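Take a look at the structure below.
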Amino acid sequence: MSKPRGIWIAGNWKMNHGPKAAARFFSELGEELEVLPKETTRKATHLILFPPAISIPSALESSVGLPVSIGAQNAHWEKSGAFTGELSGPLLQETGVNWVLVGHSERRQYFGETDETCRKRTESLLQQGLKVILCVGETREQRESNQTFDVVGRQLGSVLTPTLAPYLDGRLLIAYEPVWAIGTGLTATPSQAEEVHAFVRTRLREITPAAAERTPILYGGSVTPENFRELLSCPNVDGGLVGGASLKAKSFVGLIINS
Ligand code: PGA
């Protein structure tokens, strides 16, 4: 399949795969990619893996020569200072990392991430020249009480302020991840995904129409090699943010094959 904004496959390893497992993953990925026809690997134009922070150096080293980028699962908005346990843009850039996930629902649920801290991270990291995947999505209760668009609209609205307009040059991606679909095996149907993705694109259009057209919107929540193609067939789904199915090289390659 080819898509106007390319096809994006981002793997979020969460708190899995230490440095040794990361190195093994990339060695297996290299072997798997080598036997794939070149047309297949070219289809998925953008591959990004988000290992735990401690495995980033190993991932960078062992992925040399592979068509993948390495990102961080979180980063602070300040460049340095007394913030125990945090990573900053300059620390990441020094190691060769340019991608950061912001506002994953697990950070919102368990670590006090708010719309306001998502705004600060996104704004500051983009201003520092990094690339950001901002995650949004509603819980099951919110969907069942018809609040999906209010919640996603609020999450986007607090981050997508006019200050961001100059930075919407393809370096900000949005991931729509319904919380009820994450790690549950309950994938959103293509029409459920498409209606929220179309809504996200409309909100982006309100900032600048050009930005809306060039911003990839990824779907996340129990994406597998089996359901990926159908999700990708939706006009506003430009790829996937994938947890479980990104942990093994074989299933990550399965996503590429089915893209
Ligand atoms: P999952 O996780 O693919 O395991 O559902 C997705 C995510 O949390 O990004």
Side-chain angles (χ1 to χ4, degrees), residues 7-17 21-22 25 29 44 46-53 55-56 59 68-75 97 99-113 118 121-122 131-140 142-143 148 151-152 155-156 159 172-190 192-194 196-197 200 215-232 234 236-259:
I7 292 174
W8 296 75
I9 306 177
N12 173 12
W13 286 355
K14 310 190 180 183
M15 202 168 66
N16 298 293
H17 284 354
F25 174 94
L29 183 64
H46 308 277
L47 305 175
I48 317 166
L49 270 309
F50 292 86
S55 303
I56 286 176
V68 300
S69 301
I70 303 299
Q73 296 174 14
N74 183 36
V97 166
W99 284 95
V100 183
L101 284 182
V102 170
H104 189 280
S105 67
E106 287 148 19
R107 299 223 50 93
R108 293 179 191 258
Q109 264 182 302
Y110 308 133
F111 301 104
E113 186 82 83
C118 286
R121 289 183 212 280
T122 304
K131 305 175 198 182
V132 169
I133 302 185
L134 170 70
C135 307
V136 297
E138 81 289 359
T139 63
R140 186 167 54 82
Q142 289 165 335
R143 174 161 283 265
T148 299
V151 171
V152 173
Q155 290 170 333
L156 282 175
V159 175
L172 175 70
L173 276 62
I174 308 293
Y176 168 57
E177 298 205 302
V179 179
W180 49 271
I182 295 177
T184 57
L186 288 174
T187 321
T189 63
Q192 282 172 325
E194 175 59 21
V196 182
H197 282 230
V200 172
T215 301
I217 306 174
L218 317 189
Y219 167 80
S222 299
V223 172
T224 63
E226 290 70 37
N227 60 29
F228 193 40
R229 184 164 294 176
E230 208 187 351
L231 287 159
L232 269 182
C234 302
N236 284 295
V237 176
D238 302 303
L241 177 55
V242 188
S246 73
L247 286 171
K248 293 212 165 87
K250 224 183 180 51
S251 58
F252 190 70
V253 168
L255 296 164
I256 300 173
I257 295 171
N258 288 307
S259 66

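Only a predicted model underlies this, so the values are computations on that prediction, with no experimental measurement involved. Both counts, for ligands and for their atoms, begin at 1 and track the order of listing.
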Report all N/O contacts between ligand 1 and the protein shorter than 3.5 Å as a table of atom names and distances to 0.1 Å; if there are none, say 'none'.
{"unit_1": "ligand 1", "atom_1": "2 (O)", "unit_2": "Lys14", "atom_2": "NZ", "d": "3.4"}
{"unit_1": "ligand 1", "atom_1": "2 (O)", "unit_2": "Gly243", "atom_2": "N", "d": "3.4"}
{"unit_1": "ligand 1", "atom_1": "3 (O)", "unit_2": "Gly243", "atom_2": "N", "d": "2.8"}
{"unit_1": "ligand 1", "atom_1": "4 (O)", "unit_2": "Gly244", "atom_2": "N", "d": "2.9"}
{"unit_1": "ligand 1", "atom_1": "5 (O)", "unit_2": "Gly183", "atom_2": "N", "d": "2.6"}
{"unit_1": "ligand 1", "atom_1": "5 (O)", "unit_2": "Ser222", "atom_2": "N", "d": "2.8"}
{"unit_1": "ligand 1", "atom_1": "8 (O)", "unit_2": "Lys14", "atom_2": "NZ", "d": "2.7"}
{"unit_1": "ligand 1", "atom_1": "8 (O)", "unit_2": "His104", "atom_2": "NE2", "d": "2.7"}
{"unit_1": "ligand 1", "atom_1": "9 (O)", "unit_2": "His104", "atom_2": "NE2", "d": "3.3"}
{"unit_1": "ligand 1", "atom_1": "9 (O)", "unit_2": "Glu177", "atom_2": "OE1", "d": "3.3"}
{"unit_1": "ligand 1", "atom_1": "9 (O)", "unit_2": "Glu177", "atom_2": "OE2", "d": "2.6"}

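Val253 meets the side chain to side chain contact (heavy atoms under 4.5 Å, CB included) test with Leu29, Glu32, Leu33, Leu36, Ile257; sequence neighbours excluded.
In Gln109, the CD atom is crowded: over 12 heavy atoms of neighbouring residues, nucleotides or ligands sit closer than 6.0 Å.
In this structure, a donor-acceptor pair under 3.5 Å is present between the side chains of His104 and Glu177.
Going from atom NZ of Lys131 over to atom CD1 of Ile48 covers 7.5 Å, rounded to the nearest 0.5 Å. Note that CD1 of Ile256 and CZ of Phe228 are 9.5 Å apart. Values are rounded to the nearest 0.5 Å.
Between His46 and Trp8, the two ring planes are parallel [angle under 30°; tilted spans 30° to 60°].
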